[in-house]
Amino acid sequence: GAGVSQSPSNKVTEKGKDVELRCDPISGHTALYWYRQSLGQGLEFLIYFQGNSAPDKSGLPSDRFSAERTGGSVSTLTIQRTQQEDSAVYLCASSLASGGTNTQYFGPGTRLTVL
Amino acid sequence: AQSVTQLDSQVPVFEEAPVELRCNYSSSVSVYLFWYVQYPNQGLQLLLKYLSGSTLVKGINGFEAEFNKSQTSFHLRKPSVHISDTAEYFCAVLWGAQKLVFGQGTRLTINP
């Protein structure tokens with residue numbers, strides 16, 4: 001079946017602009033995660049959604065970052081007033097449910113470049 | 001908080017040679033451990049995972065890993081590598097039932 005998809009695959013923006021990154025999880029997966037992969041910080045957890053529960057936002061690096069998940073499916077990660085240090089690959093993952101027995105399946109990522 | 005240390009940032013090996021990629025984690029409680037592979041310009045793909053039970057875990061593409069609780073290690077091994085194994089490999093531990101905490105990654109380069 002179809003895997004996790006993300007769009008756009010690449011995004012170049014100017015410092016100070018807002019960007020939106022989209023994630024379509026695997027159908028039927030109730031848990032959705034955002035991670036960031038950057039040269040300096042490696043792979044870091046950003047935010048997690050599970051069903052209708054309040055999201056775990058503990059990994060968001062600043063209040064310029066926000067995410068929502070509409071209808072328990074598609075998620076959008078928004079970065080306001082982008083900075084050069086936001087340049088990274090943003091990875092989305094989904095799993096059938098939360099917990100270690102449920103494998104997180106990753107999308108191909110969105111490469112964000114802030115000029 | 002959990003942390004994961006991958007001891008080698010780069011590992012070059014010759015084709016058909018064995019390889020071991022090292023991973024140590026910090027935790028005083030039961031852990032779920034994972035190895036993911038990232039091929040160039042692609043997302044992460046699960047190689048294998050340890051949840052409980054047998055300490056030797058077999059994964060895809062001929063990889064296996066051994067969970068060693070006393071040494072807090074989860075090293076990844078393959079007896080004979082192929083050019084197609086060239087990729088970056090990430091060890092991870094599950095923290096708080098949902099967050100993956102990753103190591104810095106090991107770039108495996110296979111030379112002919």
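Letters A, B, ... are given to chains in the order of the sequence lines, protein chains preceding strands, and every chain is numbered from 1. Keep in mind it's a predicted model, so treat the numbers as computed, not measured.
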Are more than 12 heavy atoms from other residues, nucleotides or ligands located less than 6.0 Å from atom CG of A:L39? no

List, by chain and then residue number, the residues other than B:F14 in its hydrophobic cluster (Ile/Leu/Val/Met/Phe/Trp/Tyr, side-chain heavy atoms under 4.5 Å); write none if there are no others. none

Indicate if [X] and [Y] have the same hydrophobic cluster label, given that clusters are the connected sets of ILVMFWY residues with side-chain heavy-atom separations under 4.5 angstrom.
X: B:V101; Y: A:I47; value: no
X: A:L112; Y: A:F65; value: yes
X: A:L32; Y: B:L46; value: no
X: B:V13; Y: B:V37; value: yes
X: B:V19; Y: B:F74; value: yes

Tell me, for A:L43 versus chain B, whether the close heavy atoms (under 4.5 Å) come from the side chain, the backbone, both or neither. both

Heavy atoms under 4.5 Å from chain B: which residues of residues 77-85 of chain A carry them? none

Not counting sequence neighbours, list each pair that qualifies as a disulfide bond (SG atoms under 2.5 Å apart) and has a residue in residues 82-115 of chain A. A:C23-A:C92

Can you pull out all donor-acceptor pairs below 3.5 Å that join chain A and chain B?
unit_1	atom_1	unit_2	atom_2	d
A:Y35	OH	B:L100	N	3.0
A:Q37	OE1	B:Q38	NE2	3.1
A:Q37	NE2	B:Q38	OE1	2.9
A:D56	OD2	B:Q98	NE2	3.3
A:D56	OD2	B:K99	NZ	3.4
A:S58	OG	B:K99	NZ	2.8
A:G99	N	B:A97	O	2.9
A:T101	O	B:K49	NZ	3.2
A:T103	OG1	B:K49	NZ	2.8
A:Q104	O	B:Y36	OH	2.9
A:Q104	NE2	B:Q98	O	2.9

Any idea which of B:F102, B:F90, B:F34 has the most non-hydrogen atom pairs under 4.5 angstrom with chain A? B:F102

Using heavy-atom distances under 4.5 Å, tell me whether B:L44 contacts chain A through its side chain, its backbone, both, or neither. both

Provide the closest heavy-atom pair for B:L100 versus A:F45 in the form atom of the first, atom of the second, distance. O-CB, 4.4 Å

